[in-house]
Amino acid sequence: MALTDDSGFRATTFVVIDFETTTPSGHPAQPIEVAALALRLHDGAWTLTGRSTSLIRPPAFAPVTPADTAQTGLTAEQLANAPTPAKALGALDRRLTPGTPYLLVAQHAATEANVIHHQAEHCPTLARTNLIDTIPLAKHLAPGLPNYKLDTLMVHFGIPHPPDRHRAPADVDVTAQLFLHLIAAADRDPRLDSLAALFKTAGRTAKANQPVQAGLFDVDA
């Protein structure tokens, strides 16, 4: 059976997500832009079921630096009147329909997972959503590449380089294209014949879903 014939896969909405962040010393990365798009396989064809993008105003301890601007093109002036993380991520979170099976998709999903985890109070549904990482999936399906950076994978799969690369809307679009190329390749791999097999190969459990381990020195009262 091919991956896209699996009932669990066909029932899942895949939400491709990307953040741009600042990285203040002594603090976790703080989001300054988020983009997401939702994809669902329906009658053998992929359907875009939703899209969202927002600038995000960073907290005072995480100002936009010249290096951030050089990377993304975003400036402190552009973000001064942007929504707070609570508003931007809360609005995105409310777009997820309760009871719908979701998986997030990201390039180097640990980055997105950590941002979401640290903003979980604003996006509790996102924070409980597990992820598919395109890097281990690409390593499985396209072994032997010099590296698995997004730009390298774009060249390998013939994905055009957008002029605004390193902005969240552009990066989420190319990550979505990469994901679809990878799923097409996975459909030809007998080892990836189910959603469970896909998650075993490239899945990442959200921190909110990981079991809590008791401390070494916890004692009963």
Side-chain angles (χ1 to χ4, degrees), residues 15-38 50-96 102 104-135 147-154 159-179 204-210:
V15 180
V16 188
I17 191 165
D18 184 78
F19 288 98
E20 301 302 330
T21 64
T22 62
T23 53
S25 178
H27 297 275
Q30 300 294 309
I32 56 174
E33 188 174 41
V34 62
L37 61 84
R51 181 187 289 272
S52 177
T53 183
S54 179
L55 296 176
I56 302 174
R57 185 168 77 244
F61 65 78
V64 175
T65 67
D68 295 326
T69 300
Q71 172 85 348
T72 66
L74 293 170
T75 65
E77 291 74 19
Q78 286 176 279
L79 299 172
N81 296 313
T84 62
K87 288 185 177 180
L89 297 179
L92 176 58
D93 203 64
R94 288 189 294 274
R95 297 191 65 170
L96 300 181
Y102 290 103
L104 301 179
V105 176
Q107 169 78 0
H108 195 257
T111 300
E112 272 62 37
N114 285 334
V115 172
I116 292 168
H117 176 69
H118 289 293
Q119 300 290 334
E121 63 180 308
H122 309 313
C123 51
T125 302
L126 274 177
R128 293 191 300 270
T129 305
N130 295 330
L131 305 97
I132 296 292
D133 191 334
T134 52
I135 291 179
N147 61 64
Y148 289 85
K149 296 178 181 179
L150 185 54
D151 287 323
T152 301
L153 293 171
M154 288 165 60
I159 299 169
H161 193 286
D164 49 353
R165 173 84 171 88
H166 296 299
R167 287 290 305 273
D171 285 2
V172 87
D173 278 339
V174 295
T175 302
Q177 293 178 61
L178 170 62
F179 176 67
R204 184 180 185 89
T205 302
K207 290 185 177 182
N209 297 333
Q210 295 175 4

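Position 1 is the first residue of the sequence, and the numbers go up from there.
- The distance from atom CD of Glu20 to atom CG of Leu74, rounded to the nearest 0.5 Å, is 7.0 Å.
- Under the 4.5 Å side-chain criterion, counting only non-hydrogen atoms from C-beta, Asp171 is not in contact with Gln107.
- Side-chain atoms of Asn81 and Arg57, non-hydrogen and from C-beta on, never get closer than 4.5 Å to each other.
- Distance check, rounded to the nearest 0.5 Å: NE2 of His161 to CG of Leu150 gives 8.5 Å.
- The OG1 atom of Thr69 sits 8.0 Å away from the CD atom of Gln78 when rounded to the nearest 0.5 Å.
- Side chains of Thr21 and Thr111 form no contact here, defined as non-hydrogen atoms less than 4.5 Å apart.
- The shortest non-hydrogen separation linking Ala29 to Thr23 is CB-CG2, 4.2 Å.
- When all heavy atoms of Glu112 and His108 are compared, the closest pair comes out as OE1-O, 3.5 Å.
- Contact between Asn130 and Ala206 at its shortest, heavy atoms only, is OD1-N, 2.9 Å.
- For Gln177, the side-chain contact (heavy atoms from CB on, under 4.5 Å) partners at least two apart in sequence or on another chain are Ile159, Pro160, Val174.
- Here the side chains of Glu33 and Ile56 are not in contact, with every heavy-atom distance at 4.5 Å or above.
- The minimum heavy-atom distance between Leu153 and Tyr148, with the atom names listed, is CD1-O, 3.6 Å.
- In this structure, CZ on Arg204 lies 12.0 Å from CD1 on Ile132, to the nearest 0.5 angstrom.
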Donor-acceptor list for residues 84-96 side chains, cut-off 3.5 Å, not counting sequence neighbours:
unit_1, atom_1, unit_2, atom_2, d
Thr84, OG1, Lys87, N, 3.3
Asp93, OD1, Thr125, N, 3.1
Asp93, OD1, Leu126, N, 2.7
Asp93, OD2, Thr125, N, 3.2
Asp93, OD2, Thr125, OG1, 3.4
Arg94, NH1, Gly90, O, 3.4
Arg95, NH1, Arg51, O, 2.6
Arg95, NH2, Arg51, O, 3.4

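- Counting heavy atoms from C-beta outward, Leu79 and Val64 have side chains that approach closer than 4.5 Å.
- Annotation: ring-ring contact (aromatic ring centres under 6.0 Å, His included) contacts of His27 (sequence neighbours excluded): Phe61.
- The shortest distance between side-chain heavy atoms of Leu104 and Ile116 falls below 4.5 Å.
- Counting heavy atoms from C-beta on, the side chains of Leu37 and Asp173 come closer than 4.5 Å.
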For this session: Any chance you could lay out the side-chain contact (heavy atoms from CB on, under 4.5 Å) test for Ile17 and Val34, step after step, and finish with the verdict?
Result: CA-CA 7 Å; Ile17 191 165; Val34 62; 4.2 Å; yes

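- The main-chain N or O of His166 is never found under 3.5 Å from a side-chain atom of Gln71 such that the two would form a donor-acceptor pair.
- Residues Thr53 and Ala35 approach most closely at OG1-CB, 4.0 Å, considering heavy atoms.
- The backbone N or O of Pro28 sits less than 3.5 Å from a side-chain atom of Gln30, completing a donor-acceptor pair.
- Nearest heavy atoms, Val15 versus Ala36: CG1-CB, 4.0 Å.
- A donor-acceptor contact under 3.5 angstrom links the side chains of Asn147 and Thr152, judged on distance only.
- Checked by atom type and distance alone, the side chain of Thr72 never pairs as donor or acceptor with a backbone atom of Arg167 at under 3.5 Å.
- For the pair Met154 and Pro162, the minimum side-chain heavy-atom distance is below 4.5 Å.
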